[in-house]
2 protein chains.
Amino acid sequence: MIANIVSVHVKEENINDFKIASTANHLGTRKEAGNVRFDVLQSKEDPTRFTLYEVFMTQEDVDFHKTTEHYKTWRDTVAPYMAEPRSAVTREIICCDVPEKSAD
Amino acid sequence: MIANIVSVHVKEENINDFKIASTANHLGTRKEAGNVRFDVLQSKEDPTRFTLYEVFMTQEDVDFHKTTEHYKTWRDTVAPYMAEPRSAVTREIICCDVPEKSAD
């Protein structure tokens, strides 16, 4: 399994817009067969700072995610919200319990 | 819900020791009623770099975690493995599906 931890810094006026777009991406991504987690996080101290925590079963599942409409819509929607380019680190999973998928 | 993302840099000779200690902490923490996630991640490019991704329901659950034997055992066991002090960022959860707990 592969985790991507994405750090996002948005413009103050786009905080709510970013939450709305990322919630839609969360809901779409969680329906992908190879997705394990898609958590959207926000800093309390600095609400313009967000983190996306994404886990996929394989690299193929990561690649597939990038082809989905919900990902592409999110990418294009949030592009003008960025205060600076986002950055990501990739990690391999050592321990992660994989839940049964709910039918949301 | 509250997420803590902990960055850990271990000495090369302690990579496997750290994995063993952190797996035990993962198993213990996942049994805590207020714990939602406890993922242990490792960098492929630099295997001395680990990330712990921890989610708890409330601040009280975070505080309780620090009182558990599995946490205190982990903290004391890994202390000599550190190549540098670990760092953490705290985030509030915007989107995170909470799975039913399995009986592991």
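Labels below follow one simple rule: chain letters A, B, ... track the order of the sequence lines, proteins then strands, and each chain is numbered from 1. Below, all heavy atoms of this structure are taken into account, side chains as well, without hydrogens, waters or symmetry copies.
- The heavy-atom pair separating Leu41(A) from Ile5(B) by the smallest distance is CD1-CD1, 3.9 Å.
- Heavy atoms only, all atoms of each residue included: Glu45(B) and Thr90(A) are closest at OE1-O, 4.3 Å.
- Under the 4.5 Å side-chain heavy-atom criterion for Ile, Leu, Val, Met, Phe, Trp and Tyr, Phe56(A) and Val36(A) are members of distinct hydrophobic clusters.
- One distance of note links CG of Leu27(B) with SG of Cys95(A); it measures 6.5 Å at 0.5 Å rounding.
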Would you please test Val89(A) and Thr51(B) for side chain to side chain contact (heavy atoms under 4.5 Å, CB included) and show each step? CA-CA 10 Å; Val89(A) 298; Thr51(B) 304; 5.6 Å; no
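- Cluster membership for Val10(A) and Leu52(A), using ILVMFWY side-chain heavy atoms within less than 4.5 angstrom, is shared.
- Between Arg37(A) and Asp39(B) there is a salt bridge, with a side-chain nitrogen of the basic residue lying less than 4.0 Å from a carboxylate oxygen of the acidic one.
- Under the 4.5 Å side-chain heavy-atom criterion for Ile, Leu, Val, Met, Phe, Trp and Tyr, Phe50(B) and Ile93(A) are members of distinct hydrophobic clusters.
- Per-residue heavy-atom pair counts under 4.5 Å with chain A were compared for Gln42(B), Met1(B), Lys19(B), and the maximum is reached by Gln42(B).
- Two different hydrophobic clusters hold Phe38(A) and Val62(A) under the rule that ILVMFWY side chains link at heavy-atom gaps under 4.5 Å.
- Residue Ile2(A): no heavy atom, backbone or side chain, is found under 4.5 Å from chain B.
- Counted within 6.0 Å of CD on Glu13(B), heavy atoms from surrounding residues, nucleotides or ligands total more than 12; the atom is thus considered enclosed.
- More than 12 heavy atoms of other residues, nucleotides or ligands sit less than 6.0 Å from atom CD of Glu84(A).
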